[in-house]
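Can you read through this structure? Questions will come right after.
Since this is a predicted model, take the numbers as computed values, not measurements. Values below: every heavy atom of this structure, side chains too, minus hydrogens, waters and symmetry copies.
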Amino acid sequence: MYSDNIQISSLTLINSPSWNVHPVYCSNIIIQGITILAPVRSPNTDGINPDSCINTRIEDCYIVSGDDCIAVKSGWDEYGIAFGMPTKQLAIRRITCISPTSATIALGSEMSGGIQDVRAEDIVAINTESAVRIKTAVGRGGYVKDIYVRGVTMKTMKYVFWMTGDYGSHPDNNYDPNALPVIENINYRDMVAENVTIAAKLAGISGDPFTGICISNVTIEMAPKAKKLFWNCTDISGISSGVVPQPCDLLPDQGTEYASPCNFPTESLPIDDMEIQTCSCRKKIYN
């Protein structure tokens with residue numbers, strides 16, 4: 001907590017009873033080359049949870065979990081709103097996730113301080129409930145915006161895309177029912193999935209829709225026993241391009257001539273200039 005210039009690398013963490021790696025109110029963090037192994041039926045065994053952290057890089061990790069492999073957070077309801085420290089400038093690269101009951105990357109549900117500028121790429125999900133899930137609710141306030149995901153390969157998924165506006169648990173009854181979250185500018189591109197039960201369940205909040213959703217160049221192969229309704233969308237808006245099967249009407253296809261690329265930022269983050277440090281051990285020789 002409250003730390004700067006952190007490196008966590010080349011470790012294996014086994015059978016934690018709860019969250020494994022949880023930096024809070026920190027900055028300039030590298031988490032690299034971590035293996036996390038938890039029973040897939042053990043709840044709350046999240047892999048890596050950056051929580052109100054700025055300038056973070058998570059890369060080259062292998063995570064087996066009974067909960068979200070990576071869960072991005074920033075405070076819960078009125079407490080997160082009051083503290084007001086977002087998680088932002090987060091890079092996630094080259095992650096392999098196995099989690100049959102949870103997400104590869106979850107944003108929220110504790111996101112009341114805000115989540116912004118998350119860039120995830122080169123992700124592999126196997127036998128995982130969803131690829132990217134946004135979780136929020138009335139009373140959260142805050143925002144999830146400027147999210148960029150590309151290069152995701154998935155095999156055996158319940159959902160590819162999942163957004164939840166009614167994740168209704170609260171720490172107490174003092175939350176503000178008028179504190180509505182802002183979910184906008186969510187970009188997914190260059191993704192392939194096979195053996196999928198439901199392509200997407202995208203449910204915003206009535207009177208507070210999730211906006212600016214862009215999905216491009218995505219091929220989803222449905223499972224033999226897939227749900228008949230591949231896309232289930234309410235209270236959202238956005239566009240799509242080159243997506244199979246065809247998305248819901250709230251994500252109209254732009255066609256190949258005017259295909260939207262769902263932009264992925266080209267400029268680097270400050271954390272990209274921070275180098276991995278290596279340690280060595282000198283063995284003393286006795287004559």
Matching residue for Val160 among Ile220, Thr197, Ile215, Ile198 - test: side-chain contact (heavy atoms from CB on, under 4.5 Å): Ile220
Listed partners of Phe210 passing ring-ring contact (aromatic ring centres under 6.0 Å, His included), at least two apart: none
Those residues that, when tested against Phe230, pass ring-ring contact (aromatic ring centres under 6.0 Å, His included) (two or more places apart): none
Co-members of the apolar cluster containing Leu269 [side chain, <4.5 Å]: Ile30, Ile271, Met274, Ile276
Residues, nucleotides or ligands: over 12 heavy atoms within 6.0 Å of Asp172 CG: yes
Audit row: Thr266, Phe264, side-chain contact (heavy atoms from CB on, under 4.5 Å) steps and yes/no: CA-CA 6 Å; Thr266 57; Phe264 197 96; over 6 Å; no
Euclidean distance, Asn185 CG relative to Lys145 NZ, rounded to 0.5 Å: 9.5 Å
Pair Gln116-Asp146, side-chain hydrogen bond (donor to acceptor under 3.5 Å, both in side chains): steps then yes or no: CA-CA 6 Å; Gln116 184 174 15; Asp146 305 333; 2.8 Å; yes
Heavy-atom neighbours of Gln246 CD exceed 12 at 6.0 Å: no
Side chains of Phe161 and Cys233 in contact at under 4.5 Å (non-hydrogen atoms): no
Sidechain-backbone polar pair: Ser65 side chain, Ala38 backbone, donor-acceptor under 3.5 Å: no
ring-ring contact (aromatic ring centres under 6.0 Å, His included) against Tyr25, all qualifying residues, sequence neighbours excluded: Tyr2, Phe83
Same apolar cluster (I L V M F W Y, side chains within < 4.5 Å links), Ile205/Leu251: yes
Non-hydrogen side-chain atoms of Ile54 and Thr87 separated by less than 4.5 Å: no
Shared-cluster residues of Val244, by chain and number - hydrophobic side chains joined below 4.5 Å: none
Side chain to side chain donor-acceptor pair (under 3.5 Å) pairs, two or more places apart, involving residues 220-234: none
Any donor-acceptor N/O pair, His22 side chain to Asn20 backbone, under 3.5 Å: no
Pairs flagged by disulfide bond (SG atoms under 2.5 Å apart) wherever residues 28-71 is involved - sequence neighbours left out: Cys69-Cys97
Qualifying salt bridge (charged side-chain N to carboxylate O under 4.0 Å, His left out) pairs with a residue from residues 128-142, counting only residues at least two apart or across chains: Asp68-Lys135, Asp77-Arg140
Side-chain donor or acceptor of Asp176 paired with backbone N/O of Asn178 under 3.5 Å: yes
Pairs satisfying salt bridge (charged side-chain N to carboxylate O under 4.0 Å, His left out), at least one member in residues 261-270, at least two apart: Arg119-Glu267
Sole candidate of Pro247, Cys248, Pro252, Ser216 that passes side-chain contact (heavy atoms from CB on, under 4.5 Å) when paired with Ser240: Pro247
Result of checking Thr128, Thr96, Ile98, Ile70 against Ile63 for side-chain contact (heavy atoms from CB on, under 4.5 Å): Ile70
Met1 backbone acceptor or donor facing Ser3 side chain under 3.5 Å: yes
Side-chain heavy atoms of Asn55 within contact of Ile29, under 4.5 Å: no
Heavy-atom donor-acceptor pair, Ser74 side chain to Gly113 backbone, under 3.5 Å: yes
Disulfide bond (SG atoms under 2.5 Å apart) partners of residues 176-232, not counting sequence neighbours, each pair once: Cys214-Cys262
Qualifying salt bridge (charged side-chain N to carboxylate O under 4.0 Å, His left out) pairs with a residue from residues 94-113, counting only residues at least two apart or across chains: Glu59-Arg94, Asp60-Arg94, Lys73-Glu110
ILVMFWY cluster membership beyond Val182 - transitive side-chain contacts under 4.5 angstrom: Tyr143
Test side-chain hydrogen bond (donor to acceptor under 3.5 Å, both in side chains) applied to Asn44 and Asp46, step by step: CA-CA 6 Å; Asn44 299 318; Asp46 298 32; over 6 Å; no
Validation row: Ile186, Ile134 side chains within 4.5 angstrom (heavy atoms): yes
Heavy-atom pair with the smallest gap, counting every atom of Asn217 and Asp190: ND2-OD1, 2.8 Å
Any donor-acceptor N/O pair, Ser9 side chain to Ile31 backbone, under 3.5 Å: no
Side-chain donor/acceptor of Ser16 to backbone N/O of Ser18, under 3.5 Å: yes
Thr156 versus Asn127, side-chain donor and acceptor atoms under 3.5 Å: no
